[in-house]
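Comments concern the structure below.
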Amino acid sequence: MKKRLTIAMTALLSLCLLLAGCGGGKTADNSSAAQSAPAATETGKELMVKMLNVGQGDAILIQTPEQTVLIDTSDLDEQEKLRNELKKAGVKRIDKLILTHPHADHIGGVKDVVLKDYEVGEVYDNGMPSKSKIYTSYMKVLKQKNIKRHALMAGDELDLGGGVKFKVYAPEKAVVEKGSKTTDNHDPNNESVVGKLIFGEFAMMFTGDAEKVEEMPMVNTYGKELKSTILKAGHHGSKTSSSKEFLREVAPEAAVISCGAGNDYGHPHDQTMKKYKAMKLKIYETDKNGTITIKTDGKNYTITPEMGNAQ
């Protein structure tokens, strides 16, 4: 009887050990899954994005927990607006300056505002030359001040500090390599630097003046990877941008548009606004809402216009 009891106890103990081993395996699997998920943001850290009210042009200020980044610098005739907006935001230094493409309404304030008034760490652009006087003049200043310039292309990723990254989706490598050899036959809008700002679960898509011509290769290559919480409307809300295919993949909750009041181009165009409204997006425009401030802890976010409300 004792022998049978001993055998039974041994069998029971072996079964318990086997079950415990299975449980341990399950825990290990869960741990691996957690490691592959996006890293959680540190408590108390915040990302702030300001679409500055600088008229008919782009100038977007990004303040991460560690760096100050500026994407584009508005137009030549809006330099004082840019200067005032940067001062109002308390900017002391610009760690990274990203210039999406060399049109005047995006690089107009580089030489006489940004490079004149601020210490700039590094400059990033699409790597392609231009005959524009604004472009050639700021390139001279970069050399004089020994500021490093880097070309961005699809696949690149910038670390903006504090867990914030900027992943680049355009221009494609072939476009950059071809365009960097000559100043002729350029289509600056469709050579725009396009990238996604990522902080925890939050993402914002920056589009420069990219039109459907540049949007479609991104859609075909990246698809749902383009998914973003907020969209910076391409080309100031022009009908040439925000194709239905691109919008489908980005699938934003809100769109922010930088444009001047009563501008000659009619931006944003009705066709684009209808697409946004059909998607039930919250829409903000600098001409109606002033500077638009976005804050996020990597999970939740707020959009605060300087005046008025979302459409």
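In this chain, residues are counted from 1 in sequence order.
For the pair H101 (side chain) and S192 (backbone), a donor-acceptor distance under 3.5 Å is absent. Remark: the backbone N or O of S74 is not paired with any side-chain donor or acceptor of D72 at under 3.5 angstrom. Using a distance-only test at 3.5 Å, with no hydrogens or angles considered, no donor-acceptor pair links the side chain of R149 to the main chain of M139. A donor-acceptor pair under 3.5 Å is formed between the side chain of D156 and the backbone N or O of M153.
You'll find the side chain of I294 reaches within 4.5 Å of the side chain of I230, heavy atoms only. Looking at heavy atoms from C-beta onward, L52 lies in side-chain contact with L86 at the 4.5 angstrom threshold. For the pair T73 and L97, the minimum side-chain heavy-atom distance is below 4.5 Å. Proximity of E225 to E249: side-chain heavy atoms (C-beta onward) are nowhere separated by under 4.5 Å. The side-chain heavy atoms of L281 and P252, taken from C-beta on, include a pair separated by under 4.5 Å. Using a 4.5 Å heavy-atom threshold, the side chains of E306 and I292 count as separate. Using a 4.5 Å cut-off on side-chain heavy atoms (C-beta onward), L247 and L231 make contact. In this structure, the side chains of M273 and I283 come closer than 4.5 Å at one or more pairs of heavy atoms.
Here the rule is side-chain contact (heavy atoms from CB on, under 4.5 Å) with E191, and of D125, V176, N126, T100 only N126 fits it. When each of E211, M205, E214, K212 is paired with F246, the side-chain contact (heavy atoms from CB on, under 4.5 Å) condition holds for M205 and for no other.
Heavy atoms from other residues, nucleotides or ligands lying under 6.0 Å from NZ of K178 number 12 at most. The number of heavy-atom neighbours closer than 6.0 Å to NZ of K227, taken from other residues, nucleotides and ligands shown, is above 12. The environment of NZ in K145 is crowded: more than 12 heavy-atom neighbours from other residues, nucleotides or ligands sit within 6.0 Å. Heavy-atom neighbours of D264 CG from other residues, nucleotides or ligands within 6.0 Å: at or below the threshold of 12.
Ring geometry for Y138 against Y135 counts as perpendicular: the plane angle is over 60°, on a 0 to 90° scale with 30° as the lower cut.
Going from atom CG of D209 over to atom OG of S238 covers 8.5 Å, rounded to the nearest 0.5 Å. Here the OG1-CE distance, from T64 to M48, works out to 10.5 Å after rounding to the nearest 0.5 Å.
Counting only N and O atoms by type, the side chains of Q311 and E285 include a donor and acceptor under 3.5 Å apart. Neither side chain, E46 nor T296, offers a donor N or O lying under 3.5 Å from an acceptor on the other.
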Please list every donor-acceptor pair under 3.5 Å in which a side-chain atom of residues 215-222 meets a protein atom from a residue at least two apart or in another chain.
residue : atom : partner : partner atom : Å
E215    : OE1  : S243    : N            : 2.9
E215    : OE1  : S243    : OG           : 2.7
E215    : OE2  : S242    : N            : 2.8
N220    : ND2  : M216    : O            : 3.2
T221    : OG1  : P217    : O            : 2.9

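Residues V193 and L99 approach most closely at CG2-O, 4.1 Å, considering heavy atoms. Taking both residues in full, the closest heavy atoms of G163 and F199 are given as O-CD1, 3.8 Å, listed atom of the first, atom of the second, then distance.
The aromatic ring centroids of H103 and H235 lie 6.0 Å or more from each other.
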